[in-house]
Colleague: 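What follows is a structure written as structure tokens; I'll ask about it next.
Fair warning: this is a prediction, and the values are worked out from it, not measured in the lab. Residue numbering restarts at 1 for every chain, and letters A, B, ... go by the order of the sequence lines.
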Number of protein chains: 2
Amino acid sequence: MADTRQRLIDGAIETIRRHGITGTSARTIAATAGVNQALVFYHFGSVHELLEAACLAATEARVAPFAARLDEVADLRGLLDLGRRLHAEERSLGNVMVLAQMLAGAQADPELAKATSAALGLWIRPIERVLDRLLADSPVADLVDTAGLSRAVCAGFIGLELFEGVDPAGAHAALDALERLAALVDVVQELGPVARRALHAKLRKSAT
Amino acid sequence: MADTRQRLIDGAIETIRRHGITGTSARTIAATAGVNQALVFYHFGSVHELLEAACLAATEARVAPFAARLDEVADLRGLLDLGRRLHAEERSLGNVMVLAQMLAGAQADPELAKATSAALGLWIRPIERVLDRLLADSPVADLVDTAGLSRAVCAGFIGLELFEGVDPAGAHAALDALERLAALVDVVQELGPVARRALHAKLRKSAT
DNA sequence: GTCTATAACGAGATAGAC
DNA sequence: GTCTATCTCGTTATAGAC
């Protein structure tokens with residue numbers, strides 16, 4: 001059957017989610033997928049290459065519906081709402097956890113690093129686009145780097161996901177705190193023209 | 001010698017930094033430490049327990065001088081400067097990387113999770129203290145949760161550290177973007193009383 | 001394409017000499 | 001306290017039957 005490839009990809013993702021990168025091997029993946037261990041090497045050549053393929057495929061599948069919802073966001077408040085919903089969904093569907101584990105494994109492995117970076121890019125690009133759109137006419141527009149900010153958001157999600165694994169209550173408090181901080185930017189956006197100009201001048205001065 | 005324990009602890013940290021959690025074993029640790037592999041089990045009982053001890057010891061050693069410097073910070077701008085210096089130092093000394101790897105391994109392992117959470121607490125508590133101190137008389141004081149914010153900062157550092165392993169330029173851009181965002185809070189802090197009251201009222205309204 | 005069998009090796013852990 | 005030797009198991013990967 002041609003869907004053995006797919007079963008292996010799904011099995012790889014599920015194994016990373018359940019046992020982490022340290023508990024992921026050709027045997028554990030094959031057991032999860034319900035296929036023979038040797039098929040990992042027949043179809044993908046190595047565990048490595050299977051992980052790379054699985055990481056990219058799973059991320060693509062997860063980003064696609066998210067990107068569509070991003071395009072419907074009208075303001076920063078809506079973006080925060082979407083972010084919280086996404087975070088809740090990720091706790092069960094778990095693509096962020098997979099990326100975090102891949103990222104950990106990639107630190108000492110240039111090949112994994114390349115694949116993981118590509119997968120991360122799938123999240124980063126749509127987030128950067130929506131930030132560009134929403135901050136276009138903001139008083140902080142020319143002082144905020146959306147390319148950097150989108151990467152910071154992704155890094156934050158990953159850090160929080162790992163944090164949640166060892167301290168769920170702490171991670172929840174952290175997310176709440178970040179939302180309130182982001183609300184600050186939202187409030188600044190809605191300030192009157194006088195306040196905006198004052199703030200703008202101050203920001204310019206402090207941006208050196 | 002009694003310093004074999006210490007050599008193993010140092011070797012464990014160095015091994016995690018060099019080979020990640022996936023490349024860390026009794027054998028690789030012993031090789032790095034220059035001692036016999038069996039001594040891991042004689043001194044610590046298991047690789048697991050060695051990792052827990054090493055993680056806590058290394059974090060304590062790294063946090064102690066940092067906590068002293070935190071107490072000397074006078075304002076938010078100074079805190080940001082210290083954060084950037086810390087980040088640069090961490091790239092070479094690497095305690096954050098160790099924590100990130102431990103965190104990844106802890107996701108599927110309750111015992112490691114407990115030790116890692118304890119080590120993270122060593123970073124979180126002094127950060128929370130300085131945030132409490134600096135934001136005490138800020139217009140956003142009662143709208144910012146310093147407990148959550150300190151955890152978000154730590155999670156962010158860890159996410160950025162992992163990010164840097166696969167995309168150094170992107171991680172750098174992310175850090176810059178975050179600093180500019182934090183500067184926004186700093187600017188708000190220095191607003192005049194009229195603007196502060198206006199902002200405060202808006203924040204209150206939007207905090208529901 | 002899928003299976004069994006197996007090679008070659010590294011893992012955690014222990015026993016026992018020194 | 002440190003070493004060698006060893007046990008048992010899981011790991012990647014391949015060879016070859018079907």
Colleague: Return yes if some donor-acceptor pair links the side-chain N/O of B/E164 with the main-chain N/O of B/H172 below 3.5 Å, else return no.
Modeller: no

Colleague: With a 4.0 Å cut-off on N to O distance, would you call A/E52 and A/K114 a salt bridge?
Modeller: no

Colleague: Could you check how far CG of A/N36 sits from P of D/dA15, rounded to whole Å?
Modeller: 16 Å

Colleague: Could you tell me whether A/V47 contacts a base, only the sugar-phosphate backbone, or nothing, with contacts defined as non-hydrogen atoms closer than 4.0 Å?
Modeller: sugar-phosphate

Colleague: Pick base, sugar-phosphate or nothing for B/A26, based on heavy-atom distances below 4.0 Å to the nucleic acid.
Modeller: sugar-phosphate

Colleague: Would you kindly give the CG-to-P distance between A/D3 and C/dG1, to the nearest whole Å?
Modeller: 11 Å

Colleague: Could you give the CD-to-P distance, from A/Q37 to C/dT6, as a whole number of Å?
Modeller: 15 Å

Colleague: Can you check the B/R5 CZ to D/dT2 P distance for me, whole Å?
Modeller: 12 Å

Colleague: Just by modelled atom types, is the B/E89 backbone N or O under 3.5 Å from a matching donor or acceptor in the B/S92 side chain?
Modeller: yes

Colleague: From C-beta outward on A/Y42, which listed nucleotide comes closest to its side chain: C/dT2, D/dT11, D/dT4?
Modeller: C/dT2

Colleague: Report yes if a side-chain nitrogen or oxygen of A/S25 is closer than 4.0 Å to either non-bridging phosphate oxygen (OP1 or OP2) of D/dT11; otherwise report no.
Modeller: yes

Colleague: From CD1 of B/I29 over to C1' of C/dG10, roughly how many Å is that when rounded to an integer?
Modeller: 14 Å

Colleague: Look at A/T4 and C/dT2 and indicate whether a side-chain polar atom (N or O) is within less than 4.0 Å of OP1 or OP2.
Modeller: yes

Colleague: Would a distance-only check, ignoring hydrogens and angles, find a side-chain to backbone donor-acceptor pair under 3.5 Å from A/R62 to A/N95?
Modeller: no

Colleague: Just compare C/dT4, C/dA15, C/dG12 and give me whichever is closest to any side-chain atom of B/A38.
Modeller: C/dA15

Colleague: B/H19 has an atom NE2; how far is it from atom C1' of C/dG10, in whole Å?
Modeller: 14 Å

Colleague: With a 4.0 Å cutoff (strictly under), does any side-chain N or O of B/H43 reach OP1 or OP2 of D/dT2?
Modeller: yes

Colleague: Please list all pairs passing the ring pair (Phe, Tyr, Trp, His ring centres under 6.0 Å) test where one or both residues lie in residues 118-143 of chain A, with sequence neighbours left out.
Modeller: A/F66-A/W123

Colleague: CZ of B/F41 versus C1' of D/dC3: gap in Å, rounded?
Modeller: 15 Å

Colleague: Atom CZ of B/R27 and atom P of C/dG12: how far apart are they, to the nearest Å?
Modeller: 8 Å

Colleague: So if I take every side-chain heavy atom of A/L39 and compare against C/dG12, C/dT2, D/dC3, which nucleotide ends up nearest?
Modeller: C/dT2

